[in-house]
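Notes follow once the structure below has been shown.
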There are 2 protein chains.
Amino acid sequence: MNPKSSLNARSIDVARLAGVSRSAVSRAFTEGAYVSGETRAKILKAATQLGYSPNAIARGLITRRSRMVGVVVADLSNPFYARVLEATCLKLQEAGLAPLMLSCRRSQDLDSLVPQLLAYQVDGVLIAASTLSSTLASQCARAGRPVVLINRYVNLDAVNAVTCDNVGGARAMADHLVQGGHKRIAFLAGLEDTSSSRDRERGFVGRLGELKVALFARESGNYTYADACSAVRRLLGRRLRPDALFCANDTMAIAAIDIARHEFGLEVPADLSVAGYDNIEAASWKGYDLTSVDQDVDRMTDAAVGLLQNGDKGGKPRHILVPARLEKRGSTRDVRAGAMRRA
Amino acid sequence: MNPKSSLNARSIDVARLAGVSRSAVSRAFTEGAYVSGETRAKILKAATQLGYSPNAIARGLITRRSRMVGVVVADLSNPFYARVLEATCLKLQEAGLAPLMLSCRRSQDLDSLVPQLLAYQVDGVLIAASTLSSTLASQCARAGRPVVLINRYVNLDAVNAVTCDNVGGARAMADHLVQGGHKRIAFLAGLEDTSSSRDRERGFVGRLGELKVALFARESGNYTYADACSAVRRLLGRRLRPDALFCANDTMAIAAIDIARHEFGLEVPADLSVAGYDNIEAASWKGYDLTSVDQDVDRMTDAAVGLLQNGDKGGKPRHILVPARLEKRGSTRDVRAGAMRRA
DNA sequence: CTTCTTTCTGCACACGTGTGCAAGACTGCA
DNA sequence: TGCAGTCTTGCACACGTGTGCAGAAAGAAG
C-alpha cells in the first residue's frame with residue numbers, strides 16, 4: 001500500500017487513480033459544475049476507494065467561506081441554554097455549517113475570546129449567552145460577519161437578535177395570576193443587566209398596572225437556585241406574605257417552591273402560587289408541576305440560523321420576536337380555585 | 001482609508017506598514033523564533049494598528065494542525081452531559097484548542113457525521129456521548145487523529161477512554177444501602193447497551209452478592225424521566241414493594257421519588273430509600289435531597305484533554321478511571337435510622 | 001585583519017483546494 | 001462540409017500562512 005494512502009488522500013491522488021485532472025475532481029464535488037456523468041462516476045468510485053473527502057480547511061481558504069459558525073454560550077448549567085445550544089447545533093449541521101463553540105464564564109471574557117473566534121474565519125457568530133460590547137460588534141461588522149443574539153438584544157447597528165416575546169409572555173402571566181384571585185403578587189427578577197429579565201418585569205408590572213393591581217414586592221435572584229433561595233427567604237419572612245410569586249426563570253421558581261414548602265411549611269398553590277419562565281423539563285416534573293411561560297426553542301433557533309444566512313447575503317439586521325405561550329400547571333391557583341377560596 | 005483595511009488585514013499588510021518582510025511578521029507571532037526585540041515591537045505595533053491576527057485557516061493548512069478538536073455530544077437535556085461539555089470546552093480553550101461541536105441525536109448518526117468532522121482536519125475527537133463503531137475508530141486512527149471517549153469505553157485499539165469508576169461507585173452505594181438496613185433492594189438500569197449502566201449494575205449486584213443480599217428486583221428506564229416513571233410504577237405496583245431503589249442516574253431517581261410520593265403516597269426515605277448517580281444540580285435541591293454518586297467532572301475532563309494531547313504526540317491509547325465519591329443525603333436512610341426502624 | 005560564531009532577515013517553496021479562461025470534443029442545423 | 005452552439009476538460013493562478021535555507025550583519029577570538 002502506498003504510504004501516502006495511509007494518511008488523508010488528496011484530490012490529486014483521486015485524479016491520478018481516475019485518470020483525470022485535479023480540476024475534474026474538484027468539480028465532481030461541487031454542485032452544478034460541468035462534469036460529464038461518466039467521469040463523475042469514475043471520480044466518485046476512486047474517491048470512495050481512497051476514502052477521500054475534500055479538505056474543508058483548504059476549501060475555506062480559497063473560497064473565503066469557512067462554513068463554520070461561532071457559537072458563544074455561557075452557563076450551560078441552565079437547562080434552557082443547553083436546549084438552545086443543542087437545537088442550534090443540529091440546525092447548523094443540517095444547513096451544512098459547523099458550529100465552532102466558545103464557552104465563556106462571564107460576559108467580560110467575551111471581548112477577549114471573540115477575536116480568537118474570528119481568527120478561525122467563521123462565517124458568522126451566534127451568541128446565546130450574554131450581551132456584547134459595541135467595539136466587538138463593530139469588529140465583527142467590519143469583518144463582514146453577521147452577528148445574531150439569542151434571547152438578548154442590544155441597540156446596535158449590524159447586530160441581529162432573536163428573542164422570545166418576553167413582554168407578552170409576562171403580560172399573560174399577570175392576567176393568569178390576577179384571574180386566579182391573587183391580591184399580593186410579587187416578582188423575582190433575574191440578572192439585572194439582561195434585557196430578558198427587564199422585559200419580563202416590564203411586561204408583568206405594566207399589565208398589573210392596567211389591571212389596577214400594584215406589585216406587592218420585588219426581589220432579585222440572579223437566575224440561580226442559590227441566590228433565589230435567599231431572595232425567597234426574605235420575601236416569605238415578611239409579616240404579610242405575598243400570595244403569588246412570578247419568577248423570571250424556572251430554576252428560581254423551583255427554588256421558591258422548595259423554600260416555601262420546606263422552610264416555611266407552606267402549601268403550593270394553596271398558600272402561595274408560584275410561576276416561572278422558560279418551561280424547562282423540570283417544570284413538568286410531578287414534584288413541582290410548575291406553571292411557566294414556554295419559549296419556543298425550535299422557532300427561536302430556526303429564526304437565528306435564518307438570520308445568520310440572511311445576514312451573510314447582506315440583508316439588514318433585524319430583531320425577530322417569537323411568541324410566548326403560557327403553560328398552566330398545578331403550581332398556580334386558576335380561576336375556579338381562586339373563586340372557591342374567596343367563597 | 002484603504003479598502004483592503006476594511007476587510008481582514010493580512011500579514012503582508014502588516015509587513016509593508018512595519019517595513020519588514022512577511023516572514024518577519026510570521027515569526028513575530030511564533031513563540032521562540034528568531035526576531036530581534038526591535039523589529040518585533042515594530043511589527044506588533046503595526047499589527048494592532050491594522051487589527052491583524054493570523055488567519056487560523058491558512059496556518060492550519062501549512063502546519064497541518066488545525067488546532068481544532070471535534071467534540072461529539074448527544075442528549076444535552078441530561079444536565080450531566082451539559083456539565084461535561086462546558087468543562088471540556090473551557091479546558092480546550094485554555095489549551096489553545098477550539099472545540100468544533102457535533103451534536104447527534106442517535107448513535108447511528110455518528111458514522112455519517114464524523115467524516116464531516118474529519119473533513120475539517122480536527123486534531124482529535126472527543127466523544128462525550130455514545131459509543132462509536134469500529135470502522136469509524138479505525139478511520140480516525142488511520143488519519144492519525146486520537147480519539148477519546150468520555151464516560152463510555154469500547155474495546156478497540158487506538159481509542160482512549162475516561163470513565164468514572166462506575167463499578168466502585170456502585171459498590172459504595174451497595175454498602176450504604178445494606179448498612180441502612182434495607183432488605184428488598186432494587187436496581188433501575190439506564191440504556192442497556194451502554195458500558196456505564198452495565199458497569200454500575202455489575203458493581204452494585206456484585207457487592208450485594210458479597211454481602212449476601214440478593215437483588216430484589218430490576219427494571220430499565222433508559223436514563224430518561226418518562227421511561228423511569230413507567231418502570232417505577234411497575235416496581236411499586238407489586239404486592240411486596242422494594243424498600244430501596246438505586247437508579248443508574250439522577251434523572252431516573254428523581255422520577256422515582258416523584259412517582260413514589262405522588263402516585264403511591266409513600267414517604268422518602270421512610271417507606272422507600274432512593275439513590276441516583278451523577279450528582280447533578282437537581283440532586284441537591286431541597287425537594288429531593290437525593291443521595292447520589294458524584295462523578296468528578298473536573299478530573300474527568302482534565303484527563304480527557306490530557307489524553308488527547310498525549311495521543312497527539314503518539315502515546316499509546318489508555319483507559320483512565322476517575323474515582324467516584326458517595327454523596328449521602330436525605331433520600332436514603334443511613335445506619336442509625338435503619339437501626340431505629342428495626343428496633 | 002582574518003576567521004568563526006551568533007543573531008537576524010528575506011527569498012522561495014509548500015499546504016490542498018476552487019475557478020476563470022481557453023481550447024478541444026461533440027451535436028445539430030443549414 | 002461548414003458553422004454555431006453547447007458541453008467538457010486541463011492549465012495555471014490564487015487564497016494566507018510557516019519554515020528551510022542561505023546570506024548578511026555584528027561581534028568575539030585568534
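Atoms considered below: every heavy atom in the structure, side chains included; atoms not considered: hydrogens, waters and symmetry mates. All chains are named by letter (A, B, ...) in the order of the sequence lines, taking the proteins before the strands, and each is independently numbered beginning at 1.
Judged by atom type and distance alone, A:Arg65 does not reach the base of C:dG18 through any side-chain donor-acceptor pair under 3.5 Å. For A:Arg64 against D:dG16, a side-chain-to-base donor-acceptor contact under 3.5 Å is absent.
Remark: the backbone N or O of A:Val125 is not paired with any side-chain donor or acceptor of A:Arg145 at under 3.5 angstrom. No donor-acceptor pair under 3.5 Å is formed between the side chain of B:Asn78 and the backbone N or O of B:Asp75. Of the possible donor and acceptor atoms, one in the side chain of B:Arg40 sits under 3.5 Å from a partner among the backbone N and O of B:Ala28. Between the side chain of A:Thr88 and the backbone N or O of A:Thr301 there is no donor-acceptor pair closer than 3.5 Å. Judged by distance alone, the side chain of A:Asn160 and the main-chain N or O of A:Val147 form a donor-acceptor pair under 3.5 Å.
Looking only at atom types and distance, the side chain of A:Ser66 has no donor-acceptor partner in the side chain of B:Tyr120 under 3.5 Å away. Judged by distance alone, the side chains of B:Ser36 and B:Thr39 do bring a donor and an acceptor atom under 3.5 Å apart.
A straight line from CG of A:Leu61 to C1' of C:dT17 spans 8 Å, rounded to a whole angstrom. For B:Ile12 and C:dG10, the CD1 to C1' distance is 11 Å, given to the nearest whole Å. Rounded to an integer number of Å, the gap from B:Asn55 CG to D:dG18 P is 9 Å. One atom, CG of B:Asn8, and another, C1' of D:dT17, lie 14 Å apart when rounded to the nearest Å. Here the P atom of nucleotide D:dG18 and the CD1 atom of B:Ile57 are 13 Å apart, to the nearest Å. Look at CD1 on B:Ile62: it is 9 Å from P on D:dG18, rounded to the nearest Å. The distance between atom CG of A:Leu50 and atom C1' of C:dG16, rounded to the nearest whole Å, is 15 Å. For B:Arg59 and D:dG18, the CZ to C1' distance is 9 Å, given to the nearest whole Å.
For B:Arg27, whose side chain is taken as the heavy atoms from C-beta onward, the closest listed nucleotide among D:dT19, D:dT17, C:dT17 is D:dT19. Among C:dT19, C:dC8, C:dG16, the nucleotide with an atom closest to any side-chain atom of B:Tyr34 is C:dC8.
Dashed line: the shortest gap from a side-chain N or O of B:Tyr120 to OP1 or OP2 of C:dG16 is not under 4.0 Å. Checking the phosphate oxygens (OP1, OP2) of C:dG18, no side-chain nitrogen or oxygen of A:Thr63 falls inside 4.0 Å.
Under a 4.0 Å N-O distance rule, the pair B:Lys45/B:Glu38 does not qualify as a salt bridge. The pair A:Asp302-A:Arg299 does not meet the salt-bridge criterion, since no charged nitrogen lies less than 4.0 angstrom from a carboxylate oxygen.
Here A:Phe29 lies out of heavy-atom contact (under 4.0 Å) with every strand.
Contacts between residues 17-26 of chain A and DNA chain D, defined by a heavy-atom separation under 4.0 Å, are made by A:Val20, A:Ser21, A:Arg22, A:Ser23, A:Ala24. Contacts between residues 35-45 of chain B and DNA chain C, defined by a heavy-atom separation below 4.0 Å, involve B:Val35, B:Ser36, B:Thr39, listed by number.
Annotation: B:Tyr52 is in aromatic contact with B:Phe29 [ring centroid separation under 6.0 Å].
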